[in-house]
2 protein chains.
Amino acid sequence: MKENEPPSTLETHLGYWLRMVSNAVSHSFARKVEREGVTVSEWVFLRALYDAERVQPSHLAEGMGMTKGAISKLSDRLFEKSLIERHANPDDRRAHTLALNAAGCELVPRLAALADRNDAEFFDALTPDERQRLAKLLRKIVEKRELAGAPVD
Amino acid sequence: MKENEPPSTLETHLGYWLRMVSNAVSHSFARKVEREGVTVSEWVFLRALYDAERVQPSHLAEGMGMTKGAISKLSDRLFEKSLIERHANPDDRRAHTLALNAAGCELVPRLAALADRNDAEFFDALTPDERQRLAKLLRKIVEKRELAGAPVD
DNA sequence: CACATTTGGTTAACTAGGAAACTGAAATTC
DNA sequence: GAATTTCAGTTTCCTAGTTAACCAAATGTG
């Protein structure tokens, strides 16, 4: 007959601790960028545009691991906030590309500074060596599990 | 004059990698428990009730790091799914307590098994020793930053 | 004891995202 | 070269949270 073990607790799972820290980091960052009038996904979106100059929404959806619908709304919001521009694509009348405008270009470095600060704030609980090891462990999981796409939520 | 450095990229932040792995773990777990008809927050909720027998919603909100409003709706949902019972509190006519019913009691171990499986699935990318070290690093951050409350989202 | 304050919980309005239906343009296929 | 299929993006409907207003019961204060 089967032994009747008690069900495992939440805390026995690595995923639990991971989520606890990850949520705290994200939440704290959300509060920081909120003061600049944007959300975390908007930051990821803008940061992607900063590098790429002109991006198709579909490309962005891919890269950010979000649905096309979400990207569509996200770009509406950023357009509304006057941070990005839309450009028609002459070769394909369905498609268009997105790009930062001047205000967007100016905002990204400020947000990046907040991201730096937030990260430092949390991970100074660890020694530089520990941080190094944590990064290595996480990247190893990402690699082995073939995870991809900027995490947003 | 100030050097004009390029803004840091997403990947330079530990929080980025953390969120990437954490999201993947949660998402995969969400798909698993979905087959048992519950969500991740419902699992956390039910698991808390399993230990405590009878819990006040406010207490649960505290423990799960969610708002009272969210707990209110969550308990509605679980009541609707016939997994929990409400008991009036004779000492305080505002308050009530929540408890698992028979079906809820039976479900929790099945969900726990899924949680075990999900965790194993992700972290077998690491050696037992690495897992140990990862747990230690995460707990150190939790401690130093005094994080609390079961992460849910 | 009356009245203000605090507390436990619900509700309403809002936000962000997902899934799937939909629209119009491009590419295939016969 | 007309008909179908695929593709880019938008829209609609739904879910699950948050915040803030709210209600009723309990507590406390003059």
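Scope of the values below: all heavy atoms of this structure, side chains included, with no hydrogens, waters or symmetry mates. In what follows, chains carry the letters A, B, and so on, assigned in the order in which the sequence lines appear, proteins first and then strands, with residues in each chain numbered from 1.
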Using nucleotides 1-3 of chain D, report all nitrogen or oxygen pairs with the protein that are shorter than 3.5 Å.
none

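- For A/R139, there are no side chain to side chain donor-acceptor pair (under 3.5 Å) partners two or more places apart in sequence or in a different chain.
- The side-chain hydrogen bond (donor to acceptor under 3.5 Å, both in side chains) contacts involving residues 28-37 of chain B comprise B/H27-B/R31, B/S28-B/K32, B/S28-B/N118, B/K32-B/N118, B/K32-B/E121, B/E36-B/R110, where partners must be two or more places apart or lie in separate chains.
- The side-chain contact (heavy atoms from CB on, under 4.5 Å) test applied to B/H59 returns B/V55, B/Q56, not counting sequence neighbours.
- Not a single side-chain contact (heavy atoms from CB on, under 4.5 Å) links B/R93 to another residue, sequence neighbours left out.
- Legend: residues meeting side-chain contact (heavy atoms from CB on, under 4.5 Å) with B/A61, ordered by chain and number and at least two apart, are B/I71.
- Within the structure, no pair that satisfies the side-chain hydrogen bond (donor to acceptor under 3.5 Å, both in side chains) test touches residues 63-72 of chain B, not counting sequence neighbours.
- Contacts between residues 45-53 of chain A and DNA chain C, defined by a heavy-atom separation under 4.0 Å, are absent.
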Query raised in the report: Going 5' to 3' along nucleotides 1-15 of chain C, which nucleotides have protein heavy atoms under 4.0 Å from the base (write B), which only from the sugar-phosphate (write S), and which from neither (write -)?
Result: ------BSBBB-B--
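- Evaluation of the side chain to side chain donor-acceptor pair (under 3.5 Å) rule for B/D124 yields no partner, not counting sequence neighbours.
- In this structure B/D92 satisfies the side-chain contact (heavy atoms from CB on, under 4.5 Å) test together with B/N89, B/R94, B/A95, sequence neighbours excluded.
- Regarding contacts with the backbone of C/dG17, every side-chain N or O of A/T67 stays at 4.0 angstrom or more from both OP1 and OP2.
- Sequence neighbours left out, not one pair with a member in residues 8-17 of chain B passes salt bridge (Lys or Arg N to Asp or Glu O under 4.0 Å).
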